[in-house]
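Here's the structure, in structure tokens; my notes come after.
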Amino acid sequence: MLTIDDHDERIAAAIAEQQALRQRVVSRDVFGELRLVAGVDAGFEQDGAVIRAAVVVLRFPELAPVDYALVRQPVTFPYVPGLLAFREAPAIMAALDRLRETPDLVICDGHGIAHPRRCGIACHIGVLLDLPTIGCAKQRLVGRFTPPAPERGARSPLFDGHEQIGWVLRTRADAQPVFVSPGHRVSLDRAPELVMACTTRFRLPETTRFAHRLASHGQLPLV
DNA sequence: GCGACAG
DNA sequence: ATCTTGTCGC
């Protein structure tokens with residue numbers, strides 16, 4: 001049976017793995033022409049016993065869906081702030097493996113280096129699959145900032161002490177900003193412009209919106 | 001000891 | 001994440 005001690009050991013092992021993974025994160029732009037951009041997200045079923053991971057690939061820069069994949073797996077890790085990847089990344093990576101073609105960039109629902117150990121889910125997935133990734137979260141995990149101007153495109157740096165770990169980006173006028181940080185093979189400078197290029201009239205990028213709908217409704221919208 | 005805490 | 005009514009604004 002699983003004891004509290006086992007739980008603590010899994011937490012400790014996960015933190016140790018993040019310390020190792022962070023060493024492999026590449027924070028420079030290492031990607032070619034963007035033709036396919038993917039969005040990934042996760043939803044749950046059976047009272048949280050099953051995770052449903054979704055990935056939708058959009059043709060860039062049109063942002064029209066061209067492929068998708070859906071994977072369901074039993075949940076094996078609890079939600080612990082800072083350890084989200086150990087709960088969602090396995091299923092998300094399985095979904096990415098099912099695509100017919102490898103995307104040129106993946107935008108994740110969660111943080112990249114804007115994380116206590118600079119290893120959020122975007123870094124985790126990026127390093128393990130060696131794919132360019134960006135983290136685009138709806139809420140802050142760590143860091144301090146001053147709110148960006150109310151216009152679309154306005155941004156302000158997200159700091160942890162004196163180190164910039166991401167951006168607070170206003171993707172839509174008068175709406176709550178999103179938290180953007182590089183995952184793997186993407187620079188701090190280009191992350192926000194790439195997210196803006198994937199965003200149209202809504203707060204969240206189209207990649208995330210499509211993936212979110214697939215993950216929660218279990219199917220791609222008919223329009 | 002008291003808050004904060006991605007999804 | 002998930003549930004769910006009410007409300008604001010274009």
Side-chain angles (χ1 to χ4, degrees), chain A residues 7-8 10-11 14-15 17-18 21-22 25 39-56 70-96 106-128 133-145 150-152 158-161 165-169 171-184 186 191-192 195 200-205 207-218:
Chain A
H7 171 275
D8 290 344
R10 294 186 74 201
I11 299 298
I15 290 176
E17 191 175 334
Q18 289 187 323
L21 288 176
R22 72 179 297 183
V25 172
V40 296
D41 191 26
F44 297 84
E45 315 176 340
Q46 311 299 321
D47 291 301
V50 173
I51 181 173
R52 189 165 47 197
V55 51
V56 178
L70 192 56
V71 163
R72 299 173 64 208
Q73 294 182 354
V75 168
T76 61
F77 205 90
Y79 169 67
V80 177
L83 300 180
L84 175 68
F86 294 86
R87 178 176 171 79
E88 305 187 347
I92 290 175
M93 294 191 287
L96 284 166
V106 178
I107 295 181
C108 306
D109 193 355
H111 297 282
I113 65 171
H115 177 279
R117 291 169 290 283
R118 307 292 180 270
C119 194
I121 191 168
C123 299
H124 190 109
I125 291 173
V127 168
L128 292 183
T133 59
I134 290 176
C136 181
K138 297 179 289 298
Q139 298 288 317
R140 181 196 74 98
L141 175 58
V142 292
R144 295 171 55 76
F145 65 96
E151 314 84 65
R152 165 183 159 79
L158 178 64
F159 290 108
D160 188 356
I165 58 178
W167 298 92
V168 183
L169 180 66
T171 49
R172 171 180 176 150
D174 305 312
Q176 282 301 110
V178 295
F179 298 77
V180 177
S181 61
H184 185 55
V186 174
V195 168
T200 58
R201 58 177 304 193
F202 304 100
R203 177 166 88 119
L204 300 179
T207 40
T208 301
R209 283 164 43 74
F210 271 107
H212 195 310
R213 279 176 288 184
L214 178 57
S216 57
H217 291 70

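Chain naming here is simple, since letters A, B, ... match the order of the sequence lines and numbering starts at 1 in each. These figures come from a predicted structure and were not determined experimentally.
- Residue A:Arg140 has its side chain nearest to B:dA4 when only B:dA4, C:dA1, B:dG7 are considered.
- A straight line from CG of A:Leu84 to P of C:dA1 spans 10 Å, rounded to a whole angstrom.
- A:Ile51 comes within 4.0 angstrom of nothing in the nucleic acid, heavy atoms only.
- Across all strands shown, A:Gly48 has no heavy atoms under 4.0 Å from either base or sugar-phosphate atoms.
- Using a distance-only test at 3.5 Å, with no hydrogens or angles considered, no donor-acceptor pair links the side chain of A:Ser181 to the main chain of A:Gly166.
- Look at A:Tyr79 and the base of B:dG7; the rings stack, centres closer than 5.5 Å and planes less than 30° apart.
- As judged by a 4.0 angstrom heavy-atom cut-off over every strand, A:Leu83 is placed among the base-contacting residues.
- Between A:Lys138 and the phosphate of B:dG7, there is a side-chain N or O to OP1/OP2 separation shorter than 4.0 Å.
- Look at CD1 on A:Ile125: it is 14 Å from P on B:dG7, rounded to the nearest Å.
- Look at CG on A:Asp109: it is 7 Å from C1' on B:dG7, rounded to the nearest Å.
- Taking atom CD1 on A:Ile113 and atom P on B:dA6, their separation rounds to 18 Å, with Å as the unit.
- A:Asp174 places its CG atom 17 Å from the P atom of C:dC8, with the value rounded to the nearest Å.
- One can place CD1 of A:Ile134 at 21 Å from P of B:dA6, the figure rounded to the nearest angstrom.
- For the pair A:Arg52 and A:Phe44, the cation does not sit on the ring face, since its NZ or CZ is not both under 6.0 Å from the ring centre and inside 45° of the axis.
- Computed from coordinates, the A:His111 NE2 to B:dA4 P distance equals 16 Å when rounded to whole Å.
- Counting heavy atoms from C-beta outward, A:Asp41 and A:Ile92 have side chains that stay 4.5 Å or more apart.
- Within the structure, every side-chain polar atom (N or O) of A:Arg87 is placed at least 4.0 Å from both OP1 and OP2 of C:dA1.
- With hydrogens and angles ignored, the 3.5 Å screen pairs no side-chain donor or acceptor of A:Arg72 with any backbone N or O of A:Val50.
- Atom CD1 in A:Ile121 sits about 12 Å away from atom P in C:dA1, given to the nearest Å.
- Considering only the side chain of A:Leu141, B:dC5 comes nearest among C:dA1, B:dG7, B:dC5.
- Residue contacts for A:His212: at a heavy-atom cut-off of 4.0 Å it reaches the sugar-phosphate backbone alone, with no base atom in range.
- Salt bridge A:Arg144/A:Asp160: absent, no basic N to carboxylate O contact under 4.0 Å.
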